[in-house]
Colleague: 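Okay, handing you the structure first.
If you're wondering where the values come from, they're calculated on a predicted model, not measured in any experiment. Throughout, residue positions are numbered sequentially from 1 according to the sequence presented.
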Amino acid sequence: EVQLEESGGGLVQAGGSLRLSCAASGFTFDGHGIGWFRQAPGKEREGVSVISSRGGTTLYADSVKGRFTISRNNAKNTVYLQMNSLKPEDTAVYYCAASRTYSYTVIPGLREIEYDYWGQGTRVAVSS
């Protein structure tokens, strides 16, 4: 059974930092790109960042570029999202997802349709 479990969310003041984790099991982790998405209250879910299967390539949404860093440890089947300089507009439920494509060379994008497996989400709240 494929499982993705996010952790590390919480309440933080603006300017603060959080580190989210996504622990995966039930599939060949090192063959899939992993993305982070978020859904703010009243808004559609949006792509935040993605990392290729071996970790060599990353992509970021413009809204988080320079503040967030995605990384992965394939030995631990875990992907991380380090979030610095947090802003109130970063408040959302954050989800990790595993790409539909099994590839060591192709990195998925930030569209939900490219992902088959999703976690339940972890809440991040940034106060001003």
Side-chain angles (χ1 to χ4, degrees):
E1 179 186 5
V2 174
Q3 288 189 323
L4 294 164
E5 183 173 1
E6 303 91 341
S7 62
L11 175 63
V12 64
Q13 288 188 329
S17 298
L18 282 174
R19 187 197 197 201
L20 305 184
S21 298
C22 170
S25 62
F27 64 102
T28 308
F29 183 75
D30 69 354
H32 290 264
I34 302 294
W36 282 98
F37 293 77
R38 67 186 181 186
Q39 187 166 21
K43 295 187 177 181
E44 293 186 352
R45 190 156 56 185
E46 63 174 354
V48 174
S49 182
V50 59
I51 188 166
S52 60
S53 59
R54 296 296 178 87
T57 304
T58 57
L59 296 173
Y60 296 92
D62 288 343
S63 59
V64 306
K65 206 169 290 183
R67 300 187 298 121
F68 290 10
T69 303
I70 191 170
S71 61
R72 67 189 294 162
N73 183 332
N74 284 350
K76 295 184 177 181
N77 282 14
T78 302
V79 171
Y80 307 96
L81 186 68
Q82 177 67 42
M83 306 187 297
N84 298 330
S85 302
L86 282 162
K87 304 175 181 179
E89 50 263 46
D90 295 317
T91 295
V93 177
Y94 283 72
Y95 302 88
C96 63
S99 68
R100 174 170 300 171
T101 303
Y102 180 99
S103 175
Y104 291 139
T105 57
V106 176
I107 183 172
L110 294 174
R111 299 178 304 161
E112 291 187 47
I113 195 172
E114 298 181 74
Y115 298 82
D116 269 349
Y117 306 109
W118 294 80
Q120 294 300 308
T122 185
R123 290 185 179 276
V124 172
V126 184
S127 63
S128 57

Colleague: Can you tell me if Y117 has over 12 outside heavy atoms packed within less than 6.0 Å of its OH?
Modeller: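 Open.
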
Colleague: What residues form a salt bridge (charged side-chain N to carboxylate O under 4.0 Å, His left out) with R123, not counting sequence neighbours?
Modeller: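 If we apply the salt bridge (charged side-chain N to carboxylate O under 4.0 Å, His left out) test to R123, skipping adjacent residues, there are no hits.
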
Colleague: Without swapping roles, check the side chain of S103 against the backbone of T101 for a donor-acceptor pair under 3.5 Å.
Modeller: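 Not confirmed, S103 side chain does not pair with T101 backbone.
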
Colleague: I want to check something: taking the side chain as every heavy atom from C-beta on, are I34 and Y115 in contact at a cut-off of under 4.5 Å?
Modeller: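 They are not in contact (no side-chain heavy atoms under 4.5 Å apart), so the answer is no.
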
Colleague: Keeping S85 on the side-chain end and G15 on the backbone end, is there a donor-acceptor pair under 3.5 Å?
Modeller: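 Pair absent, no side-chain N/O of S85 close to backbone of G15.
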
Colleague: Measure the shortest side-chain to side-chain distance between C96 and V79 over non-hydrogen atoms and say whether it is less than 4.5 angstrom.
Modeller: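 They are not in contact (no side-chain heavy atoms under 4.5 Å apart), so the answer is no.
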
Colleague: Does a side-chain heavy-atom distance below 4.5 Å link S17 with N84?
Modeller: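 The answer is yes, as the side chains (C-beta and beyond) meet within the 4.5 Å cut-off.
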
Colleague: Quick one: CZ on R72 to OG1 on T58, what's the gap to the nearest 0.5 Å?
Modeller: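 Between R72 CZ and T58 OG1, I get 12.0 Å after rounding to 0.5 Å.
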
Colleague: Could you give the distance from CD (Q120) to CD (E5), rounded to the nearest 0.5 Å?
Modeller: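 Answer for the CD-CD pair, Q120 versus E5, is 9.5 Å.
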
Colleague: To the nearest 0.5 Å, how far apart are OG in S128 and NZ in K87?
Modeller: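 Answer for the OG-NZ pair, S128 versus K87, is 14.0 Å.
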
Colleague: For the residue pair Q3 and S25, establish whether any side-chain heavy-atom pair is separated by less than 4.5 Å.
Modeller: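 Side chain of Q3 against side chain of S25, heavy atoms only: contact under 4.5 Å found.
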
Colleague: Taking C-beta and beyond as the side chain, do S63 and R38 meet within less than 4.5 Å on heavy atoms?
Modeller: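 Yes; the side chains approach each other to less than 4.5 Å.
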
Colleague: Is there a donor-acceptor contact under 3.5 Å from the side chain of E6 to the main chain of T122?
Modeller: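 Side chain of E6 to backbone of T122, a donor-acceptor pair under 3.5 Å: no, none is there.
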
Colleague: Taking ring-ring contact (aromatic ring centres under 6.0 Å, His included) as the cut-off, I'd like each qualifying pair that reaches into residues 44-85, sequence neighbours left out, listed once.
Modeller: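 Those involving residues 44-85 do not exist here.
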
Colleague: With salt bridge (charged side-chain N to carboxylate O under 4.0 Å, His left out) as the test, would you mind laying out the steps for K65 and D62 before giving the verdict?
Modeller: CA-CA 5 Å; K65 206 169 290 183; D62 288 343; 3.0 Å; yes

Colleague: Any side-chain heavy-atom pair from L18 and Y94 closer than 4.5 angstrom?
Modeller: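 Side chain of L18 against side chain of Y94, heavy atoms only: no contact under 4.5 Å found.
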
Colleague: Would you indicate whether the side-chain heavy atoms of D90 and M83 approach each other to under 4.5 Å?
Modeller: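 Of all side-chain heavy-atom pairs linking D90 with M83, none is under 4.5 Å.
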
Colleague: Which distance, rounded to the nearest 0.5 Å, do you find between the CG of L86 and the OG of S127?
Modeller: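 Reported value, rounded in 0.5 Å steps: 10.0 Å.
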
Colleague: Go through the structure and list residues passing salt bridge (charged side-chain N to carboxylate O under 4.0 Å, His left out) with D116, not counting sequence neighbours.
Modeller: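 Salt bridge (charged side-chain N to carboxylate O under 4.0 Å, His left out) check on D116 returns R100.
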
